[in-house]
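Each remark here refers to the structure printed beneath this line.
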Amino acid sequence: MGSAYSELKGKLINIIDEISSLFFSCNSNISMEHLKEKLEKNIFNIVVMGQFKRGKTSLINALIGCDLLPVAVVPLTSIATILTYGDNLKITVCLNNGECMEIPLEKLGDYVTEKGNPKNIKGVSEVYITYPSSYLKDGVRLIDTPGVGSVYQHNTEVAYQYIHKSDAVFFLVSVDQPMSKNELDFLNDVKAYSSKIFFLLNKKDYLSEDELRESVEFIKNILSEIYESPKIYPISAKLALSGIKTNDDRIILESGIKEFLADLNKFLMEEKGNVLINAVSNNILKNLQQLEFEVDLEMKSLKTPLNDLKEKIQLFEDKKADIVQKKRILKFC
Ligand SMILES: Nc1nc2c(ncn2[C@@H]2O[C@H](COP(=O)(O)OP(=O)(O)O)[C@@H](O)[C@H]2O)c(=O)[nH]1
Ligand SMILES: [Mg+2]
């Protein structure tokens, strides 16, 4: 990212410091402290979203080229998993009580799956994984969410928590399931928060070329009601992972992942900085609006006793005038 980006970043950090020194607290979703950290570390959240079983986790595994996260035929991930760059694989489970612990890969399923951790009885808040993938360089974080519309309501709630943290979204639908009302509602909500959405139509390996063309057209028509000229990437995350793992170019080509990866790389090289600056500026503005609202409320609450006090002083003055008047009358009697 160039010098213009660094300059803008520096200016925004100064603004955050100035605002933070004026106001101690702010009840916003994303605090000034978080926004500063986001800028300083270039934290860029790519949130993988979609209904359960669409292949979200498979896509993340394909991207990093490794069977790292558990995949299943039943709704599986009940916990959000956050992947960041690290020279070595390290898995940290954080609990709702603030405690965090490192676990080995073979224990991951005990915390992030509905089977190993039904209804999140273990009270896991998030799982952090570091991994040496080129897609995770320069502050990119890939966030795997449980997916909306699962029979488990708490999974949907977890997915929704991540909408407002997303800088870009991979939204997955799949050819074996028609697009649901849940998915459309969710997309409407995502639109308000994320400026960049990649639409992926997964499991293309189930269809012939003609069927796939029809399926892409169908999804495009639906999405066009919400987004202007949406681009859809038909892929097979399963084939992509198998091709990338075995370095088989024929399978990688067949998976359709190449065009998506090319556009993703271009976006990360050319647009990521702008999106990040925009996201932080928007959040600063939102925080300022919230602060303005709070200051306004406080002034109103101060004004009420002040008016009361004025009324009481007036009453006192009237009473005093009355007594003085009475005294004067008495004197003349
Ligand atoms: N045929 C086929 N199956 C896939 C593909 N991607 C994922 N799957 C399967 O779909 C199921 C759900 O995948 P998963 O990644 O766990 O979905 P998630 O719930 O959205 O994270 C698993 O059985 C995967 O093996 C694909 O491209 N083709
Ligand atoms: Mg999953």
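Note that the structure is a prediction, hence the values are computed from the model and not measured. Whatever order the structure lists them in is the order used to number ligands and atoms, beginning at 1.
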I would like to know whether Y131 and Y85 meet ring pair (Phe, Tyr, Trp, His ring centres under 6.0 Å); could you show each step before the answer?
-> CA-CA 5 Å; Y131 192 77; Y85 188 85; 9.0 Å; no

Does atom CD of E317 have more than 12 heavy-atom neighbours, drawn from other residues, nucleotides or ligands, at distances under 6.0 Å?
-> yes

Honestly, for N202 the part within reach of ligand 1 (heavy atoms, under 4.0 Å) is side chain

Relative to the heavy atoms of Y206, which atoms of ligand 1 are at a distance of less than 4.0 Å?
-> 1 (N)

Flag side-chain contact, heavy atom, 4.5 Å: T84 against V140 | no

If you measure from each non-hydrogen atom of V71 to ligand 1, which part falls under 4.0 Å: side chain, backbone, both or neither?
-> both

Given Y227 and F199, is the ring pair (Phe, Tyr, Trp, His ring centres under 6.0 Å) satisfied, shown in steps?
-> CA-CA 11 Å; Y227 294 90; F199 297 104; 5.1 Å; yes

What about the rings of F171 and F198, do their centers lie closer together than 6.0 Å?
-> no

Answer yes or no: does an N/O atom from K204 fall short of 3.5 Å to an N/O atom of ligand 1?
-> no

Close-contact set for ligand 1 against S236 heavy atoms, below 4.0 Å = 26 (C), 27 (O), 28 (N)

Presence of N, O or S from T57 under 2.8 Å of the Mg ion (ligand 2) = yes

Partner residues of K9 under the salt bridge (charged side-chain N to carboxylate O under 4.0 Å, His left out) criterion, sequence neighbours left out = none

Residue T57 vicinity, atoms of ligand 1 by number, heavy atom under 4.0 Å = 15 (O), 21 (O)

Answer yes or no: does an N/O atom from D144 fall short of 3.5 Å to an N/O atom of ligand 1?
-> no

Is any NZ, NE, NH1 or NH2 atom of the basic residue among K231 and D263 found under 4.0 Å from an Asp or Glu carboxylate oxygen of the other?
-> yes

Based purely on interatomic distance, does G55 place a nitrogen or oxygen under 3.5 Å from a nitrogen or oxygen of ligand 1?
-> yes

What residues, two or more places apart in sequence or in another chain, satisfy disulfide bond (SG atoms under 2.5 Å apart) together with C66?
-> none

Contact atoms of ligand 1, heavy-atom distance to D205 under 4.0 Å | 1 (N), 2 (C), 26 (C), 27 (O), 28 (N)

For G50, is the nearest heavy atom under 4.0 Å from an atom of ligand 1?
-> no

